[in-house]
Enquirer: 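One structure, pasted below without further comment.
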Amino acid sequence: MHIGLFRERGGDRLRAGVVVGDEVADVTDRLEALGPAGPAGLWQPVIEDPSAIDLTSLADGAERRPLSEISWDSPLPRPGKILGAPANYRAHVAEMGNPNTIYEWGMFLIANSSVIGPEGTVELPYTDVRTDHEAELAVVIGRTARNVPRSEALDHVFGYTALLDITVRSTEDRSTRKSFDTFTPIGPWVVTADEIPDPNDLAVRLWVNGEPRQSSTTALMIYEVERLIEYASSVMTLYPGDVIATGTPEGVGPLVNGDRVVCEVERIGRLEVNVSDRHAKPYASREGEAADASV
Ligand code: MN
């Protein structure tokens, strides 16, 4: 099942939808009857407990609208946490010029306030420092996970989506460089795990203005999905609705004003966003000042 959040064209209210062919079934009222929206939004009660509702019949009888008449928002507007995997493809490790992988780096956190949805706009922060695209498969946690061995890891997955891990190439910690508002496009929907037989065998591609920039497969991840969950859950408890960005393959490159970015993950779909520099400032004008080495 493809589940997401949408607005009717010109409408303000965020609604929950299930994709049925070229239509979306509006299941907002049914989800609201299950319980309050949580960090994962309207879908929280279902992500926490899929047995709370019969997913296969959820869309039966629901009002439908053509996909051409709606706009998708991020399916997970404010995840409890977003964990990132650095250096998880050999060819990307090579292009970044540092041999370390997760074993040395660990994983990093991205602020959930950086999430935007399809057709959102990535706002470049700086006029003179490179900001890169990173196309990634994202894992949506479905069951609380703590010290989960890799053999049981996939039992804790609700589904998968596409994610862009937008990154400033500067000296700050990753959590700063990847957490600017608008830096984490997620979507267009979440595909439930039953429709992804092997998350470690999905093509990941990215185009900028129609030009191919990244093309690889999750089969080349250094830490596959099971190991990422094993590693992450050895450090911190993963909760339903948390997101793991699985890392990006080679081909990362700078974004500039006016770019149109398309990130495609096989079996999931296409996440498309725009890029703007309307709020960009010179890097030297950022908040703060250099440490005084004489003190
Ligand atoms: Mn990344």
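Numbering of ligands and ligand atoms starts at 1, following listing order. All values reported here derive from a predicted model rather than from experimental measurement.
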Enquirer: Short of 2.8 Å from the Mn ion (ligand 1), name each protein N/O/S atom, waters not counted.
Expert: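 Listed by chain and number: E134 OE1, E136 OE2, D165 OD2.
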Enquirer: Are the side chain of R278 and the backbone N or O of E123 linked by a donor-acceptor pair below 3.5 Å?
Expert: no
Enquirer: With the threshold set at 4.0 Å, does a side-chain nitrogen-carboxylate oxygen contact exist between E195 and R267?
Expert: no
Enquirer: Identify whether the distance between the nearest side-chain nitrogen and carboxylate oxygen of R13 and E32 falls below 4.0 Å.
Expert: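 Judged by the 4.0 Å cut-off on N to carboxylate O distance, R13 and E32 do form a salt bridge.
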Enquirer: So, D12 and R7, do they make that salt bridge, N to O below 4.0 Å?
Expert: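 A salt bridge is absent here (no side-chain N lies under 4.0 Å from a carboxylate O).
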Enquirer: Would you indicate whether the side-chain heavy atoms of K178 and V168 approach each other to under 4.5 Å?
Expert: no
Enquirer: Residues sharing W207's hydrophobic cluster, by side-chain heavy-atom contacts under 4.5 Å among ILVMFWY, directly or via others?
Expert: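 ILVMFWY cluster around W207 also holds V262.
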